[in-house]
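Comments concern the structure below.
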Amino acid sequence: MPACFSDILNYFLDAVTATLLQVLILFGPLLVLAFLMHQVSRQVEKHSIRLMGLRGYLYTFGWLGTAVHETGHAFFCLVFGHKITGMKLFSPDHENGTLGYVNHSYNRRNPYHNIGNFFIGISPVIFGSLLLYGLVWLLFDVRLNQISGDKIMPENFSNVDTILATFQAIWTGVVDFVSEIKQNSDNAWWKVLILIYVLFASGSAVSMSKADIAGAFSGFKYILILMFLINLVCLSIKDFTGIIISEMSSTLSAFYFLVIISLIINSLFLLFLFFVRKLVTNQYQQK
């Protein structure tokens, strides 16, 4: 093989390797956390319905969670230039099982529009986490990005020591979060109740529909292509893409911490629902 063709092939392979690594760094933790949030949210919703009944759940908590869910879709539709053709924040339809919807159209030849499908699809996770940030900021003047701890990146899970150190940093951040909430609550119990209510309502609606997942997957393909093309152009510039990815990962780490806090809170809700249902079932069987 001529040297020039060998060099071109090696450069191409380097671009592919760099793209996969950057995708892993930028989106790996987000995709894992989104999957976990999706699973926990589905269980929270299922156990809530079994405990309160469908109507009881929908009109006590589901209305707000659905509204937050659909608002997330609508927000990212606007950010990525999609045209919203129909929208209901909360409109239960027992025939097809939908609670709300955002219908949108876009130019399928527009890469920016197509990339938007990824963020529109996973928007419930993103928007729910940002809601947590806004709530604790408004109610308790706590900024979660300031207590997010160390960076949460794939290389943090390369060996046992880094894994333990990462989990220790996350745990420290969680303890600091609870401490800040307690310290800044000013004995205003109603603030804590509002926080619990909104987080439970929104947390039970973070799950993604099949359409959301399909849309996110189609958008993710365009992200891969775009990052590969950027690497083809910029790989020869020393550390250019590496510097950008490092800066972006630093910002994303604070967001990942938000998602982790949301995941922990919703897992606690799920545990609470499980024990309540167990208690109710046992009392019913004893009668």
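In what follows, residues are counted from 1 in the order of the sequence shown.
Atom OH of Tyr222 has 12 or fewer neighbouring heavy atoms from other residues, nucleotides or ligands inside a 6.0 Å radius.
The minimum heavy-atom distance between Ile126 and Phe119, with the atom names listed, is CD1-CD2, 4.1 Å. Between Gly121 and His73 the shortest heavy-atom distance is O-CE1, 4.1 Å. Considering every non-hydrogen atom in both Phe127 and Gly72, the closest pair reads CG-CA, 3.6 Å. Scanning both residues, Ser48 and Tyr57, for their nearest heavy atoms gives CB-CD1, 3.5 Å.
Between the CG atom of Leu195 and the CG atom of Leu138 there is a distance of 11.0 Å, given to the nearest 0.5 Å. Note: Ile122 CD1 to Ile213 CD1 = 11.5 Å, rounded to the nearest 0.5 Å. A distance of 7.0 Å separates CG in Leu199 from CG in Leu131, rounded to the nearest 0.5 Å. Here the straight-line distance linking atom CD1 of Ile49 with atom CG of Leu273 works out to 11.0 Å at 0.5 Å rounding. Rounding to the nearest 0.5 Å gives a distance of 6.0 Å between OG1 of Thr60 and CE of Met52. Note that CD1 of Ile230 and OG1 of Thr19 are 9.0 Å apart. Values are rounded to the nearest 0.5 Å.
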Enumerate donor-acceptor pairs with a distance under 3.5 Å from any side-chain N or O in residues 109-116 to protein atoms, sequence neighbours excluded.
residue	atom	partner	partner atom	Å
Asn110	OD1	Tyr112	N	2.9
Asn110	OD1	His113	N	3.3
Tyr112	OH	Val79	O	2.8
His113	ND1	Asn107	N	3.1
His113	NE2	Gly81	O	3.4
Asn114	ND2	Arg108	O	2.9
Asn114	ND2	Asn110	O	2.9

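Scored by the side-chain contact (heavy atoms from CB on, under 4.5 Å) test, Ser105 finds Lys83, Thr85 as partners (sequence neighbours excluded).
Residues Val276 and Leu193 share a single hydrophobic cluster, defined by chaining ILVMFWY side chains whose heavy atoms lie under 4.5 Å apart. With hydrophobic clusters built from ILVMFWY side chains whose heavy atoms lie under 4.5 angstrom apart, Leu270 does not share a cluster with Phe275. The hydrophobic clustering, which links ILVMFWY residues whose side-chain heavy atoms are closer than 4.5 Å, places Val68 and Leu78 apart. Ile223 and Val32 end up in the same hydrophobic cluster when Ile, Leu, Val, Met, Phe, Trp and Tyr side chains are linked at under 4.5 Å. Linking ILVMFWY residues whenever their side-chain heavy atoms come closer than 4.5 Å, directly or via other members, leaves Met37 and Phe217 in distinct clusters.
In this structure, the side chains of Phe220 and Leu31 come closer than 4.5 Å at one or more pairs of heavy atoms. Proximity of Lys191 to Val136: side-chain heavy atoms (C-beta onward) are nowhere separated by under 4.5 Å. Residues Val44 and Arg42 fail the side-chain proximity criterion, which asks for heavy atoms closer than 4.5 Å. Contact of the Ser267 side chain with the Leu271 side chain is not registered, since no non-hydrogen atoms from C-beta on lie closer than 4.5 Å. Using a 4.5 Å heavy-atom threshold, the side chains of His82 and Ile120 count as touching. Contact check for Ser202 versus Leu64: no side-chain heavy atoms found under the 4.5 Å cut-off. Using a 4.5 Å cut-off on side-chain heavy atoms (C-beta onward), Thr66 and Leu89 make no contact. Residues Met87 and Ile84 meet the side-chain proximity criterion, which asks for heavy atoms closer than 4.5 Å.
Note: Phe90 and Tyr59 have perpendicular aromatic rings, judged against thresholds of 30 and 60 degrees for the angle between ring planes. Ring-plane geometry between His47 and Phe274 is classed as perpendicular, the angle between the planes exceeding 60 degrees on a 0 to 90 degree scale with a lower cut at 30. Under the 30°/60° scheme for interplanar angles, the aromatic rings of Phe200 and Phe269 are found to stand perpendicular.
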Passes side chain to side chain contact (heavy atoms under 4.5 Å, CB included), Val125 versus His38? Steps please. CA-CA 8 Å; Val125 176; His38 170 73; 5.9 Å; no
Between Leu58 and Trp63, is the side chain to side chain contact (heavy atoms under 4.5 Å, CB included) condition met? List the steps. CA-CA 6 Å; Leu58 287 181; Trp63 68 272; over 6 Å; no
I would like to know whether Cys77 and Val102 meet side chain to side chain contact (heavy atoms under 4.5 Å, CB included); could you show each step before the answer? CA-CA 9 Å; Cys77 282; Val102 174; 4.3 Å; yes
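With hydrogens and angles ignored, the 3.5 Å screen pairs no side-chain donor or acceptor of Lys88 with any backbone N or O of Gly100. A donor-acceptor distance shorter than 3.5 angstrom exists from the side chain of Ser218 to the backbone of Gly215, with no hydrogens or angles considered.
Side-chain atoms of Asn117 and Tyr106 include a donor-acceptor pair closer than 3.5 Å.
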